[in-house]
Number of protein chains: 2
Amino acid sequence: MVKIWNHFHMAAETTTLSRKEREFLAREELILKHARRLLIERGFQAWNMDQLAEAVEYSKGTLYQHFTSKEDLVLAVATDSLRTRAEWFEKAAKFQGSTRERCRAIGFACCEFAEKCPDFFHVEMMLKSASFWEKASEQRRQNHAFEGARCWRILNHIVVEAMALGDMPRDAFSAEEATFALVSVTMGSHVMTQEPQLCVLAGITNQMRTVRLNQDIICDGLNWKPLFSQHDYSATDRRIIKEVFPEAMNWYRA
Amino acid sequence: MVKIWNHFHMAAETTTLSRKEREFLAREELILKHARRLLIERGFQAWNMDQLAEAVEYSKGTLYQHFTSKEDLVLAVATDSLRTRAEWFEKAAKFQGSTRERCRAIGFACCEFAEKCPDFFHVEMMLKSASFWEKASEQRRQNHAFEGARCWRILNHIVVEAMALGDMPRDAFSAEEATFALVSVTMGSHVMTQEPQLCVLAGITNQMRTVRLNQDIICDGLNWKPLFSQHDYSATDRRIIKEVFPEAMNWYRA
DNA sequence: AAAATATTTTGACCAATGGTCAAAATATGG
DNA sequence: CCATATTTTGACCATTGGTCAAAATATTTT
């Protein structure tokens, strides 16, 4: 089974599949769709496999032909999200502009993603616990790692280019360190802005604005030219929204 | 029961307690000690209340006289850690030096804390899930919020002072926004450096060095004087270690 | 078309575990 | 020493992730 599924993702829809294989894949998507819904609506604990089985109108045993455990299933949902994120990163990286503007476009991709896949960060947090990770199948772990590396590479590539072009100094830290700083501040900002208590203390009302502000601060700290004070990024923002993420208009407020 | 426990933390050891109350508190500490050990050794899932009961040599029913649920117990462990962190923050904030140097001392407190309380971030991640949080008692939630706010205030106070003294510009962002950026990058860095896959991609070998580098980048981005290039912070580091966290020598490498 | 064989689906069942509570044990007071 | 109050216990319960033999369905053979 795993083989078929994997094959699907490698060769995509172009390969001819038997009716059975197509049915199997369609069902897997159905299961993932419902699992994601339950995950968003209730979180990991507050639903069980019986309820999911009822929702997809298959028995529990059938669920376990697709996934080795509840954790395995949830990891698959997370990897799906991560794949979407990587795709949006790729779209953003193609934005026409300076290296820092392209980095900004990826920042928008991040926010847009957080808006559209609200389950992602919650699940990603769960993946930090070892016991969760080890209940998932090797195949799913690899898929997740693959999509994670994809996201990393897209951003890192821009940083490398920035250094090559002289937009960012290369003496204080490596490109990888700079990329890691960006990743850290982004993840940290997303997680922290979901803490109601802290948002009250900090007077935060607009989460996405906060995430992007922190990204600006990091980029300035990395000495990534042009600095925030040297360039009108609100004009860039309008272009990013118009050309790459029209939907971002909903959460963006200048 | 809760009343007694709370009373303890309000009035501390100065109040005279009956033998029963002392025994009760001693047992609670014993439970917390063993719960923390299990949490570090195995994580949340891989131990159960029966095992804990056996370890502390009391029955399961007795455990539930102290804690309303497993989550409640684990939250208590986390709050204990958070209290320690707040105390170290306070110690660090008293460091004699510029505002940015004192911020740096708090950065050291963070790393030292991560080193000594390795369970903290794992548990803190679990607190992001709503279902966890709502299984804990109101009292414990409040205690946790209290210690969290304490940490926030210590750092925020230094940022406010930095702005007042002109060490940091006050036109680009508020003191709260600056504090939030610091908190975000720190949490994000700690979480991300615990991701083996990412560490390989980024070529990270020294986690604490990475956390502190990212803090430097954020501080520079906040334009917090003196900037990293304007001052010999390795000298500051030596002083912080000598005067505040001698143990930090173990993970610090210039 | 019917029987034989292979594959898929099912849901009763199992084991693990967080949590409860009546009964036993212990402490307190007279 | 008894009576009463308090504390501790562990058998028991309900939930739930996961299994597997049997039923249902599909495919092949005669």
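Just so you know, these numbers come straight off a predicted model, no measurement behind them.
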Output the rounded distance in Å from [atom1] ([X]) to [atom2] ([N]).
X: L63(A); N: dT8(C); atom1: CG; atom2: C1'; value: 14 Å
X: R42(A); N: dT16(D); atom1: CZ; atom2: P; value: 10 Å
X: F132(A); N: dG17(D); atom1: CZ; atom2: C1'; value: 13 Å
X: L73(A); N: dT16(D); atom1: CG; atom2: P; value: 16 Å
X: E21(B); N: dT7(D); atom1: CD; atom2: C1'; value: 15 Å

For [X], enumerate each residue passing the ring pair (Phe, Tyr, Trp, His ring centres under 6.0 Å) test, keeping only those at least two apart in sequence or located in another chain.
X: Y64(B); answer: none
X: F89(A); answer: none
X: Y58(B); answer: none

Among residues at least two apart in sequence or on other chains, which ones pass side-chain contact (heavy atoms from CB on, under 4.5 Å) with [X]?
X: E138(A); result: R141(A), Q142(A)
X: E23(A); result: R19(A)
X: N206(B); result: M208(B), R209(B), R253(B)

| request: Starting at the 5' end of nucleotides 10-20 of chain C, put B wherever the base has a protein heavy atom under 4.0 Å, S where only the sugar-phosphate does, and a dash everywhere else. | output: BB-----SBBB

| note | The contact string for nucleotides 23-28 of chain D, one letter per nucleotide 5' to 3', using protein heavy atoms under 4.0 Å with B, S and - for base, sugar-phosphate only and none, comes out as ----S-

| said: Would the distance check show the side chain of S69(B) and the main-chain N or O of K135(B) forming a donor-acceptor pair, the cut-off being under 3.5 Å? | reply: yes

| field | Nucleotide opposite dT30(D) in a Watson-Crick or G-U pair, distances under 3.5 Å | value | dA1(C)

Show every donor-acceptor pair shorter than 3.5 Å between a side-chain atom in residues 189-201 of chain B and any protein atom, with sequence neighbours excluded, or say none if there are none.
unit_1  : atom_1 : unit_2  : atom_2 : d
S189(B) : OG     : V185(B) : O      : 2.5
S189(B) : OG     : N214(B) : ND2    : 3.0
T193(B) : OG1    : S189(B) : O      : 2.8
T193(B) : OG1    : H190(B) : O      : 3.1
E195(B) : OE1    : K128(A) : NZ     : 3.1
E195(B) : OE2    : K128(A) : NZ     : 3.2
Q197(B) : NE2    : A145(A) : O      : 3.3

